[in-house]
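Read the structure below first, then the notes.
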Amino acid sequence: MGGMAEDSILEIFNRHVKRNGVFKNRDALSPHYIPSNLPYREEQVKELSETVAPILSGRKPENVFIYGKTGTGKTVVTRYVLKRLGEFAKEREIPVNTVYINCRIHNTRSSVFIKIGRELLPDDNFLGLSTAYIYERILGKVREADIRLMVVLDEIDKLKGISETVYALNRANDELEKGSISIIGISNVLTLKDSLDPRTKSTLCQREMIFPPYNAEGLRKILEDRAKEGFREGAVSDGAIALAAAYAARQSGDARYALQLLLRAGDIAEEEGASAVTEEHVEKAKERVEEDIILEMIEALPEQEQILLLAMAKLVLAKKGQKTLGSGEVVITSGEAYEAYSKLARELGKDPVSDRWFREYISELAMYGILNVVQAGKGFRGNTRIIKLLFSPVKIADVLQRVLVA
DNA sequence: CATCCACGGGAAACCTTGGGCG
DNA sequence: CGCCCAAGGTTTCCCGTGGATG
């Protein structure tokens, strides 16, 4: 740690002090930000508002199931409408409560109930209590204060025991003389509906909404709006926005991707000390965003496949410089990979799967585009194939080390 | 040609889940 | 409520096949 490191640290810190970067409010580009208007989703906003509005006159709104691909605005429209509903109700002192639950985090019935309980009764501690008890406490509160509750279950496909949860929440309405509970379920898994049992399906899907993907024009409008909020005046070129919109349109109209692209482009522009975001920045951001997505995906992979990938990454790093093939790329045969994998699995205290199943994993990962598998050809015995990681082994190892140790 | 590495289909074994029944 | 069994899904086991070597 000599002068060099010191200098580069100073440089980083300085960059963050002198706030003449491209961003004005970086959060406006984040997927969690709720903008003040939602272009190209006016229809959906209207329909959802109509659906929840009866709550204001004391009637229980129908349950809604919202379906659409990632980045089609499901979550943001829901949060937007409920936020406005909450504000409206508060002004008029109507007892409306909304609870937003992301089922990827709260993925069991009890953790959903705990989350609702915390929202309604912030002073109580629900940990360690039975689900039935929490349920009764919630019901008691709803009844006592005549609360009209809206529960949003986002990424509901990730919830274990959808039926039980939906059924329990809905059944509450039969037991309540005052107050009500309505459900909004959100998912990007189209087949989810078919996998539900008929009773759950008819309960949850009293009303259905489908969110279509944005077209390039819509994406451009979204980016323009957000750029106005997020960037300084003139710190982002029209060309950059158009390019980001075009890439995202190709990614099946994913607005989250578009925003991520612009956000990363902004980061890169700042790193380079540029005064404005250009098309080149967007171009460079594309790689980074794709990497972000892959890393996110890797984090969500089944444990065994993560172990496999970590073993592969470590193997690549260990072999760097040795055994190379022409181009200087590291070569790994499936035999070696399996050995490394089973060793690592045992180190982590897990039973390795058979080599047969291992091969299934390999082809699955190849399908996702994380790995690449090719016939080895001459120089190797028989039908040997070589496996390549398509992403930086350092980053893969980084992410997985963290995930697997915890 | 025998041997080796590895692939991938299919049967068998094992595990999970949910419904029926005492 | 607990037990058991059927159905389904997952994983292993077994094996024939193909390609490259010596």
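These numbers come from the heavy atoms of this one structure, side chains and all, not from hydrogens, waters or symmetry mates. Since the structure is predicted, the reported quantities are computational estimates derived from the model, not experimental observations. Lettering follows sequence order; numbering is per chain, from 1.
Stacking of Arg84(A) on the aromatic ring of Phe88(A) is not recorded, the 6.0 Å distance cut-off and the 45° axial limit not both being met. Remark: Lys286(A) qualifies as a cation-pi partner of Tyr247(A) under the 6.0 Å distance and 45° angle criteria applied to the six-membered ring. Judged by the 6.0 Å and 45° rule, Arg41(A) forms a cation-pi pair with Tyr214(A).
One atom, OH of Tyr338(A), and another, P of dT12(C), lie 7 Å apart when rounded to the nearest Å. Counting to the nearest Å, the C1' atom of dA6(B) and the CD atom of Glu339(A) are 14 Å from each other. If you measure from atom OH of Tyr361(A) to atom C1' of dA6(B), you get 19 Å, rounded to the nearest angstrom. The CD-P distance, from Glu305(A) to dT10(C), rounds to 12 Å in whole Å. Here the P atom of nucleotide dG16(C) and the CZ atom of Arg356(A) are 16 Å apart, to the nearest Å. One interatomic measurement links the two molecules: CD of Glu364(A) to C1' of dT10(C), which rounds to 13 Å at whole-angstrom precision. In this structure, the CZ atom of Phe358(A) is 15 Å from the P atom of dT11(C), given to the nearest Å. When the P atom of dT11(C) is taken as reference, atom CD of Glu360(A) falls 11 Å away, rounded to whole Å.
Going from atom CG of Leu390(A) over to atom CD1 of Ile294(A) covers 8.5 Å, rounded to the nearest 0.5 Å. Distance NZ/Lys228(A) to CG/Leu223(A): 12.0 Å, rounded to 0.5 Å.
The listed nucleotides are dC14(C), dT11(C), dC7(B); the one nearest the side chain of Trp357(A) is dT11(C).
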| query | Does the pair Phe231(A) and Phe23(A) meet the rule for a ring pair (Phe, Tyr, Trp, His ring centres under 6.0 Å), with working shown? | reply | CA-CA 4 Å; Phe231(A) 289 100; Phe23(A) 290 116; 5.0 Å; yes
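Residue Thr333(A) has a polar side-chain atom (N or O) positioned under 4.0 Å from OP1 or OP2 of dA6(B). For the OP1/OP2 pair of dG8(B) and a distance below 4.0 Å, the side-chain nitrogens and oxygens of Ser363(A) include no atom meeting the criterion. When the side-chain nitrogen and oxygen atoms of Ser354(A) are compared with OP1 and OP2 of dT12(C), one or more of them lie within a distance under 4.0 Å.
Looking at Arg232(A), its side chain never comes within 3.5 Å of a backbone N or O of Val22(A) through a donor-acceptor pair.
Side-chain atoms of Arg359(A) and base atoms of dG9(B) include no donor and acceptor less than 3.5 Å apart.
Heavy atoms of Pro352(A) sit under 4.0 angstrom from primed sugar atoms or phosphate atoms, though from no base atom.
Stem regions for DNA chain B, each three or more consecutive Watson-Crick or G-U pairs with both distances under 3.5 Å and listed by first number, read B:1-22 with C:1-22.
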